[in-house]
Amino acid sequence: MSKEQTIPYKIYLSESEMPKQWYNVRADMKDKPAPLLNPATLKPMGFEDLRPVFCDELIKQELDNDTAYFDIPEEILNFYKMYRPSPLVRAYCLEKALDTPAKIYYKFEGNNTSGSHKLNSAIAQAYYAKKQGLKGITTETGAGQWGTALSMASAYFGLDLKVFMVKVSYEQKPFRREVMRTYGASVTPSPSMETEVGRKINAEHPGTTGSLGCAISEAVEVATHSEGYRYVLGSVLNQVVLHQSIIGLETKAALDKYGIEPDIIIGCAGGGSNLGGLIAPFMGEKLRGEKDYRIIAVEPASCPSLTRGVYAYDFCDTGMVCPLAKMYTLGSNFIPSANHAGGLRYHGMSPVLSKLYDDGYMEAISVEQTSVFEAAEKFARTEGILPAPESSHAIKAAMDEALKCKETGEEKTIVFGLTGTGYFDLVAYQKYNDGEMTDFIPSDEDLKKSFATLPKVD
Ligand SMILES: *Cc1c(COP(=O)(O)O)cnc(C)c1O
């Protein structure tokens with residue numbers, strides 16, 4: 001029997017095979033991502049500038065472009081052991097249904113109560129906050145996965161947690177809110193009347209259903225105005241991409257175990273953390289000139305930051321209180337249309353991924369949400385897992401690549417990130433099942449208006 005025929009449905013790593021360090025892809029980038037800028041002075045932000053907002057140890061990770069490997073503290077490794085390693089699954093059933101010669105693998109991050117990869121960074125951020133002796137942390141959540149993950153992590157380390165939840169999700173996903181409250185977090189719909197910036201946004205946009213950018217502003221305001229609190233963020237930042245490298249390191253170790261070489265690596269992209277983490281060690285090889293892979297970011301056509309955004313310094317939040325980041329962005333005022341159901345609604349993209357994309361190391365495509373839900377349905381019916389709408393963007397792209405292989409007869413190996421499960425997204429599935437889901441693509445005019453609000457930096 002060839003090695004290939006012995007590949008199991010699920011490839012697991014033993015405890016001793018699990019990564020003990022995170023990998024920092026910036027260390028292998030010749031051209032580094034642009035630094036965060038102070039919005040007032042336009043000077044790069046250093047350790048001291050960031051201290052009022054973020055935890056000390058996390059700032060060090062954020063600013064470190066040179067250290068390739070960071071030891072994962074034992075407390076975090078122990079927590080990881082409760083739900084990791086996550087399985088790398090050979091999608092035999094999907095391959096058969098598609099009648100494709102392609103070999104499809106997915107790394108499944110939905111095997112924990114929060115239902116997504118976000119717990120990988122949540123537990124790290126809560127750990128460093130606790131180690132610094134803080135009372136609590138604040139954050140925003142959009143679809144709710146990050147808030148849920150962070151509420152689990154905060155409960156584990158005995159930290160207080162205040163979550164600002166984008167209003168439209170707060171209303172559409174009451175059960176997410178209850179999970180967070182069960183773990184002890186307080187959850188406030190954003191924009192709220194509890195913060196200065198929330199009151200201002202409510203006054204300027206009455207009836208607004210909120211945005212991630214707006215919820216971030218509120219969470220930062222509360223963190224910087226409360227003694228013993230700091231703000232934490234679930235995506236976009238360099239530190240989050242660093243923590244999420246656990247996904248890629250495990251994937252690589254599992255593939256190496258069976259001598260499997262991927263041709264194409266695919267991930268959905270909201271703020272870029274799961275994709276950045278999944279591709280990290282592979283991108284490292286690519287950057288060092290050792291290997292080549294096709295790497296594809298998949299984003300919603302209704303919030304297309306990589307494919308239609310501009311690469312420029314922008315605010316990370318609507319209230320313009322956060323540092324400026326150079327990234328692919330749709331403008332910090334951009335709010336996806338109300339019919340957009342599938343998460344991935346942030347206006348910008350991780351500065352690391354933005355730089356790699358701009359330098360030509362990866363590709364990006366956008367897909368429309370009804371086709372994403374069609375892919376989700378197919379995947380659920382063949383592979384058994386009910387996928388999160390976000391993850392389904394990657395499923396859609398992986399299926400399309402596999403179908404291309406069917407035409408050409410190529411036996412490509414495709415690896416994609418299945419970031420989570422969709423149990424809390426049943427309102428969106430209901431719309432799809434009732435035939436009421438629509439697609440929305442912003443016009444060039446819409447985007448132009450949004451780009452006009454970019455800060456003038458150069
Ligand atoms: C948050 C989330 C994403 C998108 O965030 P990234 O930072 O781009 O990874 C994707 N899938 C799921 C299930 C999520 O919860």
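Atoms within each ligand, like the ligands themselves, are counted from 1 in listed order.
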Close N/O pairs between ligand 1 and protein, under 3.5 Å:
| from | atom 1 | to | atom 2 | distance (Å) |
| --- | --- | --- | --- | --- |
| ligand 1 | 7 (O) | S235 | OG | 2.4 |
| ligand 1 | 7 (O) | G272 | N | 3.4 |
| ligand 1 | 7 (O) | S273 | N | 2.9 |
| ligand 1 | 7 (O) | S273 | OG | 2.7 |
| ligand 1 | 8 (O) | G270 | N | 2.7 |
| ligand 1 | 8 (O) | G271 | N | 3.0 |
| ligand 1 | 8 (O) | G272 | N | 2.8 |
| ligand 1 | 9 (O) | H117 | NE2 | 3.2 |
| ligand 1 | 9 (O) | S273 | OG | 3.2 |
| ligand 1 | 9 (O) | N274 | N | 2.8 |
| ligand 1 | 9 (O) | N274 | ND2 | 2.7 |
| ligand 1 | 11 (N) | T419 | OG1 | 2.7 |
| ligand 1 | 15 (O) | K118 | NZ | 2.5 |
| ligand 1 | 15 (O) | Q145 | NE2 | 3.4 |

Legend entry - Check ion pair K60-D64 (N to O, under 4.0 angstrom): no
Inset, instruction - Indicate whether any N or O donor in one side chain lies under 3.5 Å from an N or O acceptor in the other, for D358 and Y328. - result: yes
Inset, instruction - State plainly whether the residues E178 and K173 are in salt-bridge range, i.e. N to O under 4.0 Å. - result: no
Inset, instruction - State, with a plain yes or no, whether a side-chain heavy atom of R230 is found less than 4.5 Å away from one of F54. - result: no
Inset, instruction - State yes or no: are the ring centers of Y127 and F79 separated by less than 6.0 Å? - result: no
Legend entry - Salt-bridge contact K167-E171 (side-chain N to carboxylate O under 4.0 Å): no
